[in-house]
Structures are given as structure tokens and as C-alpha cells.
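Each residue takes its place number in the sequence, starting with 1.
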Amino acid sequence: QVQLVASGGGLVQAGGSLSLSCAASRLPFGTYAMGWFRQAPGKERDFVAGINWSGGSTYYADSVKGRFTISRDNAKNTVHLQMSSLKPEDTAVYYCAAELGRRVGVHVQVSDYNYWGQGTQVTVSS
């Protein structure tokens with residue numbers, strides 16, 4: 001059974017940085033696109049950043065562009081999200097997700113992704 005385990009969340013002051021990681025198991029990692037989504041209380045789960053199966057293409061939500069960086073290490077079956085210049089509005093549970101197949105580009109809909117991690121809490125204080 002495919003398993004995605006997210007880690008690295010925590011509490012940070014506004015303007016600070018955090019790095020999230022997602023480790024995948026039982027997954028032919030190089031054949032899946034990966035994405036990070038977030039969900040704040042009472043809100044829908046929103047796309048944050050994504051990276052295609054090879055790592056050659058990335059895409060970011062406008063709200064995090066220039067502040068967040070997604071990367072992947074296919075040899076280690078991991079994907080990372082480096083977050084800097086954090087704002088209180090970045091507070092949410094962050095989820096990593098895997099999308100089956102070597103599709104072109106990066107996709108932003110929750111329904112595009114086949115597997116999900118358990119989520120990790122990120123809290124940014126003002």
C-alpha cells in the first residue's frame with residue numbers, strides 16, 4: 001500500500017522559515033508528480049505547489065510564489081517544500097499528494113491526485 005508521510009511542520013514567527021518533507025513508500029517515485037496542498041480551519045483544501053514526475057517543471061500558487069520552493073529527490077523518494085517569509089495567513093495543515101502517471105505539466109486540483117499524506121500543521125504567529 002502506498003504511504004506518504006509528511007513532516008517538518010511547527011510553530012514559527014511571521015517572517016520565519018520552515019521546511020516540510022514528504023517521504024513516499026511503495027511508490028515508483030519517478031513516475032509520479034507531487035504536490036503540496038494546505039487547508040485552514042473552515043476552508044477548502046488549496047493547491048500550494050507542485051512538481052512534475054522528473055522535477056523539471058514546478059508551479060506555485062500566486063500566494064506563495066517567490067516565498068516557497070518545491071523540490072524532489074527521486075533517489076530518496078522524497079519531496080520538500082522550503083517555506084520562507086512566512087505570514088500568518090500561511091497557517092494551515094499542509095498535505096503532500098502524489099499524482100499517478102507521467103502527465104505533462106503540474107496539476108492543481110485535489111481530484112488530480114491519487115494518494116495523500118496525513119498532513120502536518122504549520123502555524124505562523126504574528
Examine distances only and state if a side-chain atom of R72 and a backbone atom of N52 form a donor-acceptor pair shorter than 3.5 Å. yes
Could you report the tightest heavy-atom contact between V48 and F68, atom names first, then the distance? CG1-CD2, 3.7 Å
Side-chain heavy atoms of D112 within contact of R103, under 4.5 Å: yes
State yes or no: do V2 and L100 share one hydrophobic cluster built from I, L, V, M, F, W and Y residues joined by side-chain heavy-atom distances below 4.5 Å, directly or via other members? yes
Please report the shortest heavy-atom distance between L81 and Y94, naming the atom on each side. CD2-CD2, 4.3 Å
Kindly indicate whether the side chain of W36, heavy atoms from C-beta on, has any atom under 4.5 Å from the side chain of V79. yes
Once side-chain hydrogen bond (donor to acceptor under 3.5 Å, both in side chains) is applied, do any residues pair with S21, and if so which ones, sequence neighbours excluded? H80
To the closest 0.5 Å, what do you measure between OG (S84) and CG (L18)? 10.5 Å
Over all heavy atoms of both residues, which pair between Y95 and G117 is shortest? Give the atoms and the distance, please. CD2-O, 3.6 Å
Within residues 115-126 or reaching into it, pairs that qualify as side chain to side chain donor-acceptor pair (under 3.5 Å) - sequence neighbours excluded: Q121-T123
Looking at K43, I'd like to know if its NZ atom is crowded, meaning that more than 12 non-hydrogen atoms belonging to other residues, nucleotides or ligands lie closer than 6.0 Å. no
For a 4.5 angstrom cut-off between non-hydrogen side-chain atoms, does L4 reach L27? yes
Going by an N to O cut-off under 4.0 Å, is there a salt bridge joining K65 and D62? yes
For H107, does its backbone N or O pair with a side-chain atom of Y113 as donor and acceptor, under 3.5 Å? yes
Which atoms form the tightest heavy-atom contact between R67 and L86, and what is the distance? NH1-CA, 3.8 Å
Over all heavy atoms of both residues, which pair between V64 and R38 is shortest? Give the atoms and the distance, please. CG1-NH1, 3.9 Å
